Amino acid sequence: MRVSKMFLSTMREVPNDAEIPSHQLMIRAGLMKKVASGIYSFMPLGLKAFRNVENVVREEMDKAGAQELIMPAVLPAEIYQASGRWNKFGPEMFRLNDRGGRQFCLGPTHEEPFTEAVRDSIKSYKQLPVTLYQIQHKYRDEKRPRFGVMRAREFVMKDAYSFDVDEAGLDVSYQAMYKAYCNIFDRLGLDYIVVDADTGAMGGSGSQEFMVKSSVGEDAICYCEGCNYAANEEKATCEPPKAAVLGEYEALAVEKIHTPNVKTIEELMGYMNAEPSSFAKTILYNIDGRIVAVMVRGDREINETKLGNLYDAVEINLAAFDDVERITGAKVGFAGPIDLKEEIDVVVDPEVLAMTNFIVGANETDYHFKNVNVGRDFTPTIVKDVRNVVEGDICPKCGKPLSICRGVEVGHIFKLGTKYSEALHCTYLDKDGKENPMIMGCYGIGVGRTLAAVIEQYNDADGIMWPYEVAPYKAIIIPTKTNDETIMGLAEDIYSKLQAAGVEVLLDDRNERPGVKFKDADLIGIPVRITVGRMAGEGIVELKLRNGGEVSEVSAAEAIEIAINPAKG
RNA sequence: CGGGGUGUAGCUCAGGUGGUAGAGCACUUGCUUCGGGAGCAAGGGGCCGGAAGUUCGAGUCUUCUCACUCCGACCA
């Protein structure tokens, strides 16, 4: 491609609505353009990089035995009504009506249509297993689109669905996808980690997320340096400290302390001259209409996912102020486990069991109790891990300290089980002629998000540094003067030889100053740069690799070799 | 959904107390330049997000709306 003919506009300035490097660079390098919040057009240069990611995904899916097809994005309401998700998705689903008033949506995820398609064409165990996939646009009306295509409202996803006769079959299908995902992210050069994840609204018996480590990631990942334990913060657990045993320590007498006008734990601790870790906070939650008290150490955060799972909850919120006041008999801020006015569950994090002579709210406005001890002063209804793991907590598998980092979720694989096959009657006949629901798995990769993650990982102050596999063009030839026959002759010669070799190559034939071309080449991140200039007469060019390294003077033939296969450089 | 911020040229932004629209970059033309986003000169480009109101007169003041954005909550 000749740059002079290319539909490309690069920007010197950082667009004011782009926060993170990948988003800024995708706009500045002219890869994409915003059309509306969370909705983007891909420009030719961006699309080429996008297709490269897509093709890696496609090749690995095909290699793993999955078969590609494509479903519509516009889908009738009925199939989502059948699974109950028409209502469950709520305002996140883009909905529309046809001229006759029939309801449709833009597909947010495609378990239902895939399940329906398989139900209609597969009847026998002999036709199973099968794994199908598509690479297609998804639509979710996110409350808060962010970071360009990292969290968009229209985005491309590779979604795959496996159908098996039994759990053992699902394990095989799941492992094949797991392996394919590793191959994909390896080929894309991403630094990723596979973590155990909460299954969330998808349901099912287990799931794992593929996380690219990144400071801009929206998820917190908990992992162990000592073993292979890794989990999303939503799911991560730790080994609790040993519970204190009454009688093995000196349990002091409970005292009621007047603590007027304290609003925060910090104020309270200042008032009582104590550390937050010597306080157990009690928070009231409304879980599907039921009020529950939850206790964790004062310096910990409650993990609402774990709490919700404990009650198999659909909706979980902090309790309303008047519920709190009715149940504790005090203003908000003084809740505790002792003398609650109503019989409610008191869920206690196991870490609290290790605390002795600690402080709690007194269920009386402006008062706290000190020297409280579990077992003597109150009894938990449930003891369960309901807090977020923190740096340094003990690994539940090997006992070493856990670390926490942030990550971008680029892939997610689920063992779904029979949730959708039962809802949509997707069954097969086994050898005995008995009807069984198929056992399903589903597997997603956010293609645009993966592309953004690649850029997030591979950039510097000058721009993008594409890994070779993703680079929209592998090499760029920069003639320093376009009116010099010797220079242009050699540049054109290299250009045609690279094209003949099947290398995607750019020739920057614009009548621009060399500095402009160098800046653009760095910004758009082409891996191999061949500058044709002063020594063109001797057949010598300058070679520079975008991912570092010095400029070297080589023969045109050598430069061509390296552009074809930079690993040799 | 709660709280904040911002909407003026393709991009980044300036436009006290109301008086009819600006800069830099980008774009067009010419000249000089030409190895890391050149200089000079001349140009083109605006429903000042939209609507209503106050006023002789609104980019500027008031109200309403829409969009974008940040923090939080939420999130297969």
Side-chain angles (χ1 to χ4, degrees), chain A residues 8-20 23-24 27-30 33-39 80 83-85 88-93 107-112 114 138-148 150-153 155 157 159-161 197-204 207 209 218-219 232 234 304-305 308 314-318 409 411-414 416 419-420 440-446 449 461-463 478-484 487 508 510-524 529 531-536 541-542 544 551 553:
Chain A
L8 170 71
S9 67
T10 56
M11 281 165 41
R12 196 188 303 209
E13 308 218 43
V14 178
N16 94 94
D17 57 3
E19 284 274 308
I20 61 169
H23 186 194
Q24 293 174 349
I27 302 290
R28 282 189 58 211
K33 198 170 169 5
K34 184 170 78 178
V35 174
S37 177
I39 299 177
Y80 287 95
S83 69
R85 290 208 294 182
K88 190 156 187 179
F89 269 113
E92 200 168 308
M93 192 181 239
T109 173
H110 284 211
E111 281 72 20
E112 287 84 351
F114 272 84
K138 296 280 180 282
Y139 299 84
R140 294 181 197 175
D141 194 0
E142 294 276 354
K143 284 175 202 133
R144 193 170 169 202
R146 229 194 306 209
F147 300 157
M150 280 278 188
R151 177 166 295 275
R153 295 195 294 173
F155 59 98
M157 175 182 265
D159 48 325
Y161 306 86
D198 187 71
T199 51
M202 292 296 295
S207 81
E209 290 166 335
E218 294 187 83
D219 289 278
N232 192 309
E234 289 181 346
E304 294 185 4
T305 303
V314 175
E315 204 171 338
I316 173 163
N317 289 302
L318 285 173
E409 179 193 346
H412 201 162
I413 56 180
F414 291 85
L416 284 178
K419 178 175 172 176
Y420 296 93
M440 292 174 58
C442 73
Y443 317 90
I445 290 178
R449 184 183 280 184
D462 292 315
I478 297 183
T480 56
K481 291 187 174 67
T482 49
N483 57 1
D484 181 312
I487 287 174
D508 196 346
R510 293 177 300 173
N511 183 22
E512 287 287 354
R513 298 159 62 88
V516 172
K517 299 185 187 183
F518 293 144
K519 285 289 186 190
D520 273 343
D522 286 349
L523 178 59
I524 65 175
R529 186 177 90 194
T531 305
V532 184
R534 297 184 191 106
M535 286 164 293
V541 299
E542 289 161 28
K544 183 164 188 315
V551 174
E553 294 175 359

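None of the values given here were measured: they were computed from a predicted structure. Lettering follows sequence order; numbering is per chain, from 1. Excluded from the calculations below are hydrogen atoms, water molecules and symmetry mates; all remaining heavy atoms, backbone and side chain alike, are included.
In this view, Tyr443(A) satisfies the ring pair (Phe, Tyr, Trp, His ring centres under 6.0 Å) rule with no residue, not counting sequence neighbours. Take Lys34(A) and apply the salt bridge (charged side-chain N to carboxylate O under 4.0 Å, His left out) test, not counting sequence neighbours, and it matches Asp17(A).
Among the protein residues, Glu19(A) comes within range of the sugar-phosphate backbone only, with heavy atoms under 4.0 Å from sugar or phosphate atoms but none that close to a base. Residue Asp520(A) is in base contact, counting any heavy-atom pair closer than 4.0 Å across all strands shown. Looking at heavy-atom distances under 4.0 Å, Glu92(A) makes contact with sugar-phosphate atoms alone, never a base. Leu523(A) comes within 4.0 angstrom of a nucleotide base, judged by non-hydrogen atoms across all strands. Among the heavy atoms of the strands, none lies under 4.0 Å from Lys517(A). In this structure, Glu304(A) reaches the sugar-phosphate backbone alone: every heavy-atom distance under 4.0 Å involves primed, P, OP1 or OP2 atoms, never a base. Asp522(A) comes within 4.0 angstrom of a base, heavy atoms only.
A26(B) and C70(B): their P atoms are spaced 28 Å apart (whole Å). Spacing between G5(B) and U63(B) at atom P, rounded to whole Å, works out to 14 Å. Nucleotides G16(B) and A52(B) are separated by 25 Å at their P atoms, to the nearest Å. Between C31(B) and A9(B), the distance separating the two P atoms is 33 Å to the nearest Å. For the C1' atoms, the distance from U20(B) to G46(B) is 13 Å, rounded to whole Å. Nucleotides G3(B) and G45(B) have their P atoms positioned 44 Å apart, rounded to a whole Å. Between C25(B) and A42(B), the distance separating the two P atoms is 14 Å to the nearest Å. Rounded to whole Å, the P atom of G7(B) lies 12 Å from the corresponding atom of U12(B).
Ile316(A) has its CD1 atom 18 Å from the C1' atom of C1(B), to the nearest Å. Computed from coordinates, the Lys519(A) NZ to A38(B) C1' distance equals 14 Å when rounded to whole Å. In this structure, the NZ atom of Lys138(A) is 17 Å from the C1' atom of C75(B), given to the nearest Å. One interatomic measurement links the two molecules: CG of Asp141(A) to C1' of C1(B), which rounds to 13 Å at whole-angstrom precision. Rounded to a whole Å, the CD atom of Glu142(A) is 15 Å from the P atom of G72(B). Counting to the nearest Å, the C1' atom of C74(B) and the CZ atom of Arg153(A) are 16 Å from each other. In this structure, NZ of Lys88(A) is placed 10 Å from P of C75(B), rounded to the nearest angstrom. One interatomic measurement links the two molecules: CD of Glu234(A) to C1' of C74(B), which rounds to 11 Å at whole-angstrom precision.
Taken from CD in Glu304(A) to CD in Glu234(A), the straight-line distance is 11.0 Å, to the nearest 0.5 Å. Distance CD1/Ile478(A) to CZ/Arg529(A): 5.5 Å, rounded to 0.5 Å. For the atom pair Arg146(A) CZ and Glu19(A) CD, the distance stands at 9.5 Å (nearest 0.5 Å).
In this model, no side-chain donor or acceptor of Arg28(A) finds a partner on the base of G10(B) within 3.5 Å. Remark: the Glu13(A) side chain and the G37(B) base include no donor-acceptor N/O pair separated by less than 3.5 Å. Evaluation of atom-type donor-acceptor distances gives no pair under 3.5 Å for the side chain of Arg12(A) against the base of C11(B).
The nucleotide whose nearest atom lies closest to any side-chain atom of Asp17(A) is, among U69(B), C34(B), U12(B), U69(B). Nearest nucleotide to the Val516(A) side chain, out of U33(B), G37(B), C13(B): G37(B). Distances were taken from every side-chain heavy atom of Phe518(A) (C-beta onward) to each of G36(B), U69(B), C75(B); the shortest belongs to G36(B). Listed nucleotides C75(B), C68(B), C74(B) differ in distance to Arg146(A); the shortest reach to its side chain belongs to C74(B).
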Checking side-chain hydrogen bond (donor to acceptor under 3.5 Å, both in side chains) for the pair Tyr161(A)/Asp159(A): CA distance, chi angles, key distance, verdict?
-> CA-CA 7 Å; Tyr161(A) 306 86; Asp159(A) 48 325; 2.6 Å; yes

Secondary-structure notation, RNA chain B, from Watson-Crick and G-U pairs under 3.5 angstrom (| other strand) | (((((((..((((.....[..)))).((((((.....)))))).....(((((..]....))))))))))))....

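Toward the 5' end of RNA chain B, the nearer of the two residues Thr305(A) and Thr10(A), judged by each one's closest nucleotide, is Thr10(A). Judged by closest nucleotide on RNA chain B, Lys33(A) is the one of Arg510(A) and Lys33(A) placed further toward the 5' end.
Minimum interatomic distance between Thr10(A) and Ala29(A) (heavy atoms only, all atoms of both residues): CG2-O, 4.1 Å. Looking at every heavy atom in both residues, Gly107(A) comes nearest to Tyr80(A) through CA-OH, 4.1 Å.
At a cut-off of 3.5 Å, with distance as the only test, no side-chain donor of Asp198(A) or Thr305(A) sits close to an acceptor on the other residue.
Contact annotation: Lys143(A) does not reach the phosphate of G72(B) (side-chain N/O to OP1 or OP2, under 4.0 Å). For U69(B), one of the phosphate oxygens OP1 or OP2 lies less than 4.0 angstrom from a side-chain nitrogen or oxygen of Ser37(A).
Comment: Lys419(A) does not engage Glu111(A) in a salt bridge, judged by the lack of any side-chain N to carboxylate O separation of less than 4.0 angstrom.
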